[in-house]
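Letters A, B, ... are given to chains in the order of the sequence lines, protein chains preceding strands, and every chain is numbered from 1.
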2 protein chains.
Amino acid sequence: MTDPADSTPAPPPPSPWERERPARTRAAVARTPLSRERIVEAAFTVLDRQGLDGLSMRQVAAELGVTVSALYAHVSSKDDLLELMYTRLFDGFELPRPDPDRWQEQVRDYARAGRRRLLSHRDMARISMAHVPFTAELLPYVESLLAIFRTAGLPDRIAAEAGDLISTYIDGFVLEEGMWRDRAAEQSGEDTSLARPDWREMAEEMQDYFASLPAQDFPHLRALAGMMVTDSSDERFDIGLEIILRGLASYLPDATKRAPSDDGRAPDTT
Amino acid sequence: MTDPADSTPAPPPPSPWERERPARTRAAVARTPLSRERIVEAAFTVLDRQGLDGLSMRQVAAELGVTVSALYAHVSSKDDLLELMYTRLFDGFELPRPDPDRWQEQVRDYARAGRRRLLSHRDMARISMAHVPFTAELLPYVESLLAIFRTAGLPDRIAAEAGDLISTYIDGFVLEEGMWRDRAAEQSGEDTSLARPDWREMAEEMQDYFASLPAQDFPHLRALAGMMVTDSSDERFDIGLEIILRGLASYLPDATKRAPSDDGRAPDTT
DNA sequence: ACCTGAACACCGTTCAAGT
DNA sequence: ACCTGAACACCGTTCAAGT
């Protein structure tokens with residue numbers, strides 16, 4: 001993000017009297033040498049505009065004002081590029097120092113921050129689901145999450161699984177959010193780019209559909225329709241998260257669920 | 001599967017004396033009229049052989065001995081075909097009648113069966129993640145899962161979320177399984193088709209890598225390496241499932257976690 | 001050293017034309 | 001009614017050639 005080597009002098013804006021130079025100005029700006037960073041940046045621009053299905057090497061090249069083949073000097077393949085985008089997702093992610101007394105809050109913060117980052121670019125959850133955070137750069141994040149679980153006192157087998165479970169939950173939830181958003185967008189207007197709130201319309205339509213089902217065949221679906229399709233997905237996210245946290249908490253050695261402050265219960269290291 | 005309209009007489013096998021007729025015989029067999037069923041079947045064959053990235057309309061057509069454009073008379077798009085494959089996944093899925101006393105076992109059965117079905121075709125989890133079981137045909141399965149949760153006595157808001165949570169977990173877990181399998185396959189041999197057990201080799205390699213990390217920076221990752229990458233993923237699947245089930249159980253109205261048989265606690269319908 | 005141009009082997013989808 | 005052939009507008013990747 002804040003790259004000190006990035007201090008290329010930007011050309012001054014055109015003075016008021018020089019009128020409409022060919023569109024070369026933009027092209028010249030784009031001529032700053034290619035780099036992995038710039039390619040990733042352009043890829044995000046294309047992603048947000050066209051979605052993952054519209055993200056092609058050719059579109060990225062066009063965004064940079066460059067030939068497709070030029071990209072392959074900096075990036076070995078499209079998969080490589082997608083991995084760079086995935087890794088970028090973790091940039092500046094806060095790593096808390098594990099506090100046994102606040103482990104649930106720390107996991108909540110971790111999950112909410114993860115969801116927020118996934119929501120920051122279109123179809124990002126789809127990219128995230130296709131990757132695993134076991135590259136050298138990302139291991140500190142995995143370690144940090146495991147640290148929270150283990151210093152909280154969770155048994156090793158549970159802690160080992162909890163990281164996967166939480167990550168899968170975040171990715172899966174946001175993926176589904178995106179699907180609904182896409183469906184709403186393609187239904188209402190053709191303006192695919194903006195995340196317009198006219199998806200509430202679809203939510204109502206969906207609820208009407210559930211309500212129209214035969215009562216004797218679908219009693220539970222009818223009863224829960226209002227809560228399964230809701231506009232505030234923040235609340236839904238927190239509920240699912242809470243279910244997982246309660247499940248994890250049930251494995252804590254001391255039966256008293258949430259001691260306000262339990263002193264000196266060291267995790268069995270080694 | 002058992003389609004009674006599928007009784008087209010198969011041509012007898014070539015008699016011993018007629019030698020090597022041009023390869024027309026196979027072509028003639030393939031000439032049984034096209035149908036959505038046959039297209040889906042061929043698509044699964046291609047999927048298992050080449051994976052989702054190698055599944056193209058052209059390959060499916062080739063598998064059927066037919067031109068690509070012929071497919072579009074029966075299937076409106078590739079997405080349509082993928083949705084048919086997704087729906088097929090549920091064929092013959094057992095729907096239990098909800099039993100409040102055995103709700104946890106019923107959910108376990110549901111989840112294990114779901115995973116087994118996803119594992120029955122390559123990359124099936126990726127297809128599943130891209131869909132939502134809210135088409136008319138699949139609603140009974142959603143209803144059935146919700147029924148288990150609700151008659152068990154879970155609060156509505158929890159029951160509504162539980163279905164999503166479980167489904168996401170199953171898909172996510174199997175997706176990851178597939179990623180490891182692929183990675184192992186591309187590393188060891190080029191024979192992509194078979195699910196060879198030479199992936200144990202990669203598991204060891206992975207564990208060695210974790211063990212090689214600096215001890216002061218990655219204590220937890222090192223401690224848990226053995227349980228995070230294991231060959232028996234069945235066990236790992238059950239552990240994650242158990243965490244979710246315990247979380248859900250914590251929302252049951254009666255504090256006593258698992259009353260052996262609690263009579264007459266009806267779910268608040270309406 | 002870095003980028004272009006052209007090519008290769010693919011895609012999904014459409015549509016006039018054949019039988 | 002059902003399928004073919006050809007075309008359109010795309011793909012990811014490679015590689016010789018330019019500057």
> Stepwise, does the side chain to side chain contact (heavy atoms under 4.5 Å, CB included) test hold for B:Arg88 with B:Glu37?
Replying inline: CA-CA 10 Å; B:Arg88 174 76 142 243; B:Glu37 281 304 318; 2.9 Å; yes

> side-chain hydrogen bond (donor to acceptor under 3.5 Å, both in side chains): which pairs involve residues 51-60 of chain A, sequence neighbours left out?
Replying inline: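 Of all non-adjacent pairs touching residues 51-60 of chain A, those that pass side-chain hydrogen bond (donor to acceptor under 3.5 Å, both in side chains) are A:Asp53-A:Arg126.
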
>> Quick check on contacts: within residues 39-47 of chain B, what sits under 4.0 Å from DNA chain C by heavy-atom distance?
In response: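 Output list: empty, so none.
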
>> Tell me if a side-chain donor or acceptor on A:Ser35 pairs with a main-chain N or O of A:Arg38 at a distance below 3.5 Å.
In response: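 Yes; at least one donor-acceptor contact below 3.5 Å.
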
>> Measuring only the P atom in each nucleotide, how far is D:dA9 from C:dC10? A whole number of Å is fine.
In response: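 Straight-line distance between the two P atoms is 22 Å.
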
>> Ignoring hydrogens, what is the shortest heavy-atom contact between B:Leu52 and B:Asp123? Give both atom names and the distance.
In response: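 Closest pair (atom of B:Leu52, atom of B:Asp123, distance): N-OD2, 2.8 Å.
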
> Can you list the stems that include DNA chain D, where a stem is three or more consecutive Watson-Crick or G-U pairs with distances under 3.5 Å?
Replying inline: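 In DNA chain D, stems of three or more pairs: C:4-8 with D:12-16, C:12-16 with D:4-8.
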
> Is a side-chain donor-acceptor pair under 3.5 Å present for A:Thr45 with A:Glu63?
Replying inline: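 The answer is no; no qualifying pair exists.
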
> By salt bridge (charged side-chain N to carboxylate O under 4.0 Å, His left out), which residues pair with A:Arg117, not counting sequence neighbours?
Replying inline: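 Result, salt bridge (charged side-chain N to carboxylate O under 4.0 Å, His left out) vs A:Arg117: none returned.
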
> Sequence neighbours excluded, which residues qualify as salt bridge (charged side-chain N to carboxylate O under 4.0 Å, His left out) partners of B:Asp80?
Replying inline: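 B:Asp80 satisfies salt bridge (charged side-chain N to carboxylate O under 4.0 Å, His left out) with B:Arg36 only.
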
Is there any protein nitrogen or oxygen under 3.5 Å from a nitrogen or oxygen in nucleotides 17-19 of chain C, and what are the pairs?
none

>> List the residues meeting side chain to side chain donor-acceptor pair (under 3.5 Å) with B:Ser128, not counting sequence neighbours, and say none if there are none.
In response: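 Expected list: B:Asp171.
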
> Got a sec, which residues hit side chain to side chain donor-acceptor pair (under 3.5 Å) with B:Asp164, two or more places apart in sequence or on another chain?
Replying inline: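 Expected list: A:Arg236.
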
Side-chain polar contacts of residues 132-145 of chain A - donor-acceptor pairs under 3.5 angstrom, sequence neighbours left out - could you list them?
from, atom 1, to, atom 2, distance (Å)
A:Tyr141, OH, A:Phe90, O, 3.1
A:Glu143, OE1, B:Leu221, N, 2.8
A:Glu143, OE2, B:His220, N, 3.0
A:Glu143, OE2, B:His220, ND1, 3.1

> When you check every protein heavy atom under 4.0 Å of nucleotides 7-16 of chain C, what one-letter string (B, S, -) results, 5' to 3'?
Replying inline: B---BBBBB-

>> A:Phe237: which residues meet the ring pair (Phe, Tyr, Trp, His ring centres under 6.0 Å) condition with it, sequence neighbours left out?
In response: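 With neighbours one apart ignored, the set is A:Tyr169, A:Phe173.
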
> Where do A:Leu119 and A:Arg181 land on the side chain to side chain contact (heavy atoms under 4.5 Å, CB included) test, with the steps shown first?
Replying inline: CA-CA 11 Å; A:Leu119 286 173; A:Arg181 198 175 20 235; 4.0 Å; yes

> Quick one: is C:dC3 close enough that its OP1 or OP2 comes under 4.0 Å of any side-chain N or O from A:His74?
Replying inline: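 For C:dC3, OP1/OP2 do have a side-chain N/O of A:His74 under 4.0 Å.
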
>> I need the full list of ring pair (Phe, Tyr, Trp, His ring centres under 6.0 Å) pairs touching residues 40-73 of chain A, with sequence neighbours left out, sorted by first then second residue.
In response: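 Listed by first then second residue: A:Phe44-A:His121.
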
